[in-house]
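Lettering of chains follows the sequences in order, A, B, ..., and the numbering in each one begins at 1. Any value given below was found using the heavy atoms of this structure, including those in side chains, with hydrogens, waters and symmetry copies removed.
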Amino acid sequence: MDADLASGKYDKVVTRFPPEPNGYLHIGHTKAIALSFGLAEEYGGVTHLRFDDTNPLTEDTSYVDSIKEDIHWMGFDWGDRLHYASDYFERLYDWAVKLIRKGVAYVCHLTEEEIREYRGTVKEAGKPSPYRERSVEENLAEFEKMRRGEYKDGEATLRAKIDMANPNMKMRDPLMYRVRHAHHHNTGDKWCIYPMYDWAHGQSDAIEGITHSLCTLEFENNNELYRWFLEQLEVPTPPEQTEFARLALNYTVMSKRKLLELIEKKLVNGWNDPRIPTLSGLRRRGYTPAAIRAFVERVGVSKANSVVDLGMLEWAIREDLNYNAPRRMAVLDPLKVTITNYPEGQSEELDAVNNPEQPEAGTRKVPFGRTMFIERDDFMEDPPRKFFRLAPGREVRLRYAYFITCDEVVKDAEGNVTELNCTYDPATRGGDAPDGRKVKATLHWVSAEHAVNLEVRNYDRLFAVENPLAQKYKDNWLQALNPDSLEVLTHVKGEPSLAEMQPGDSCQFERKGYYCMDPDSSDGAPVFNRTVTLRDSWAKMQKKG
RNA sequence: UGGGGAUUGGUGUAAUGGCAACACGCCUGACUCUGGAUCAGGUAAUCGGGGUUCGACUCCCUGAUCCCCAGCCA
């Protein structure tokens, strides 16, 4: 762009984001969006949103709506520059007539199969269609017939007359139009012929005065054709296509086709399932636009195919939420604790910091009583040396509350620990010992009497393997799904303030992870989705053994 | 046995003829009322082989590997 502006090739920058409305946007699109919008902004230019709606069979307005919503959610705005390729159908038709008159386009009646045969292979030249040398008049008449609906689907196509022996397959007389008697979400039943991508795209760019048309690597072979059409039409200041590598993430799949398959086979719950990388899924998972944008910026842009580690996405959301998410206490796997020296029937409220990263976020009251819940894995009857948490005879701190010491372990007939009897030190109220003594661990807790019941959905990576589309999983990539990608906990105990949260709100469950309230929540039955766990060096140590 | 594109630490990107840098991860240590966060330090790379040059990730030659193209999808 620097060079183009400097040389005077263009005097401004105009980019476009051209989604096809046949699926939901995913995080890969965010890279394209951020690139096109970001670059234009950087160069003082503008970006158009243009729906590439040339295939009525797969496209729908519901997708148009979701795409617009997602782009806005991400914080990008196309202003009044909303376009549809279908707005240009008439113009495209006229241009096609122009090419016919020029003798570089013809109507072909080969069947789909024949076209494939005539095209040759990557290593052998194709051969010319028998319809290739028709007169301009005949082509004009035939094309008119196509438009009038005198041909059924598949009976005729308009093709560019280029070179059937071209080493670039895209240049072997590519199709410009096919007959499709189908209802279009935008143009209704006005048309029964629809332009192909290569014919519609570059010309739409030209019509809109796009200067830099950014697309992904698989269109590199189309670039020659992109330029050919523009040259034939003698567009004065033709746009320029530049390719970049699409974003790929490990432990997931990104293609709309694969995502659709997961949805249709009910392996995930729709386009906004928190396990898939659609923007609506990430949103429900608790990812913020800021984090997603920080992520795509960090990942960068190049022409090398690469796969980004999911850890980098997790880093981005942790960074955002660590700073912005209020802290709350929730016990995911409750173990009952009785404070035996705490008066029966008594309770009190203690001050808890809302967000240590933002002191101005203040404090809240958290109730404390005789009967408490702590996390089951915060207690070990026979702890290994590096385990700092609660154990028989050991003293730990209940965060913002008191030091407690475990006196007695109660078990059931099978020997499972069912509850603990502890004593607290009233002098440590608030969490500090006046005598200066230290404890090695601080646990989160919830008062049994005041607890709200929560449903918690712990999400994990969708696939158990880095690359489910690797050769070894070829035809059974679904076998590579992670069976534990969703764990539903229904007996979670949360502090009372959690009842006041709204769907979409995020918080950190202290020492556990970041959670986002799900829209499935109802009054008295809050549901929380795990966005991402906290880094857990204890878990890491355990893994290493 | 065609054409196009690519190759820098474990991962993703910089450096485009002049000290291979940044981020994530990982490893140490410090600090800590989250085994979180933070802070300090560390680990680790130019696909191979030739050549040009005072000097090469960068230019040239050669080889290897990977990706894309044979939809009336985009």
If you find the nucleotide of RNA chain B closest to Thr54(A) and the one closest to Lys540(A), which residue's nucleotide is nearer the 5' end?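 Between the two, 5'-proximity favours Lys540(A).
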Nearest-nucleotide comparison on RNA chain B, the residue closer to the 5′ end among Glu124(A) and Lys170(A):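 Final value for this comparison: Glu124(A).
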Report the C-alpha distance between Arg429(A) and Leu350(A) in whole Å, list the side-chain angles of each, state the deciding distance to 0.1 Å, and finish with yes or no for side chain to side chain contact (heavy atoms under 4.5 Å, CB included). CA-CA 8 Å; Arg429(A) 187 173 201 274; Leu350(A) 298 160; 3.5 Å; yes
Pick the [atom1] atom in [N] and in [M], then give their distance to the nearest Å.
| N | M | atom1 | answer |
| --- | --- | --- | --- |
| G18(B) | A30(B) | P | 43 Å |
| C57(B) | A45(B) | P | 14 Å |
| A14(B) | A23(B) | C1' | 11 Å |
| A20(B) | A44(B) | C1' | 13 Å |
| C61(B) | U53(B) | C1' | 16 Å |
| U46(B) | G3(B) | C1' | 28 Å |
| U65(B) | A56(B) | P | 28 Å |
| C59(B) | G5(B) | P | 14 Å |

A correct 5'-to-3' footprint of nucleotides 34-42 of chain B, with B, S and - meaning base, sugar-phosphate only and no protein heavy atom under 4.0 Å, is BBBS-----
Per [X] side chain, nearest of listed nucleotides [options]:
| X | options | result |
| --- | --- | --- |
| Val299(A) | G12(B), C69(B), C68(B) | G12(B) |
| Ser302(A) | A14(B), G71(B), C69(B) | A14(B) |
| Arg298(A) | C72(B), A6(B), C22(B) | C22(B) |
| Trp315(A) | A23(B), C68(B), A74(B) | A23(B) |
| Arg116(A) | G71(B), A74(B), G5(B) | G71(B) |
| Met312(A) | C24(B), G5(B), G4(B) | C24(B) |
| Phe219(A) | U11(B), A74(B), C69(B) | A74(B) |
| Arg119(A) | U11(B), C68(B), C72(B) | C72(B) |
| Lys303(A) | G12(B), A6(B), A74(B) | A6(B) |

Run the ring-centre check on [X] versus [Y] and record whether the distance is less than 6.0 Å.
| X | Y | answer |
| --- | --- | --- |
| Phe295(A) | Tyr287(A) | no |
| Trp445(A) | Phe368(A) | yes |
| Tyr63(A) | His185(A) | no |

Determine, stepwise, if the pair Lys31(A) / Arg246(A) fulfils side chain to side chain contact (heavy atoms under 4.5 Å, CB included). CA-CA 8 Å; Lys31(A) 178 176 175 181; Arg246(A) 58 165 69 225; 6.0 Å; no
Hey, is the side chain of Arg178(A) poking within less than 4.0 Å of OP1 or OP2 on A74(B), counting only N and O atoms?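 Looking at the OP1 and OP2 atoms of A74(B), one of them is under 4.0 Å from a side-chain N or O of Arg178(A).
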Which part of the nucleic acid does [X] contact within heavy-atom distance under 4.0 Å: base, sugar-phosphate only, or nothing?
| X | result |
| --- | --- |
| Ile115(A) | base |
| Ile193(A) | nothing |
| Val301(A) | sugar-phosphate |
| Thr58(A) | nothing |
| Lys544(A) | sugar-phosphate |
| Asn166(A) | nothing |
| Val307(A) | sugar-phosphate |
| Asn221(A) | base |

Please step through side chain to side chain contact (heavy atoms under 4.5 Å, CB included) for the pair Leu225(A) and Met171(A), ending with a clear verdict. CA-CA 6 Å; Leu225(A) 180 55; Met171(A) 299 298 277; 3.8 Å; yes
Between Asp173(A) and Arg132(A) (salt bridge meaning N to carboxylate O under 4.0 Å), is one present in this structure?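 A salt bridge is present here (some side-chain N lies under 4.0 Å from a carboxylate O).
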Would [X] and [Y] count as having a side-chain donor-acceptor pair, cut-off 3.5 Å?
| X | Y | result |
| --- | --- | --- |
| Glu20(A) | Asn55(A) | no |
| Glu208(A) | His48(A) | yes |
| Glu495(A) | Ser497(A) | yes |

Among Leu498(A), Leu332(A), Val492(A), which residue satisfies the side-chain contact (heavy atoms from CB on, under 4.5 Å) criterion with Phe528(A)?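 For Phe528(A), the side-chain contact (heavy atoms from CB on, under 4.5 Å) check succeeds only for Leu498(A).
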Could you tell me which residues satisfy salt bridge (Lys or Arg N to Asp or Glu O under 4.0 Å) with Asp382(A), sequence neighbours excluded, listed by chain and number?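 With sequence neighbours excluded, Asp382(A) shows a salt bridge (Lys or Arg N to Asp or Glu O under 4.0 Å) to no residue whatsoever.
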Would you say the base of C69(B) and the side-chain of Asn168(A) have a donor-acceptor pair closer than 3.5 Å?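 Side chain to base: no pair below 3.5 Å.
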Since syn is defined as within 90° of 0, does G71(B) count as syn or as anti?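 What G71(B) shows is a syn base, its glycosidic angle lying within 90° of 0.
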Secondary-structure stems for RNA chain B, with pairs counted as Watson-Crick or G-U when both distances are under 3.5 Å and runs at least 3 long: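 Expected stems, ordered by start: B:2-7 with B:64-69, B:10-13 with B:21-24, B:26-30 with B:38-42, B:47-51 with B:59-63.
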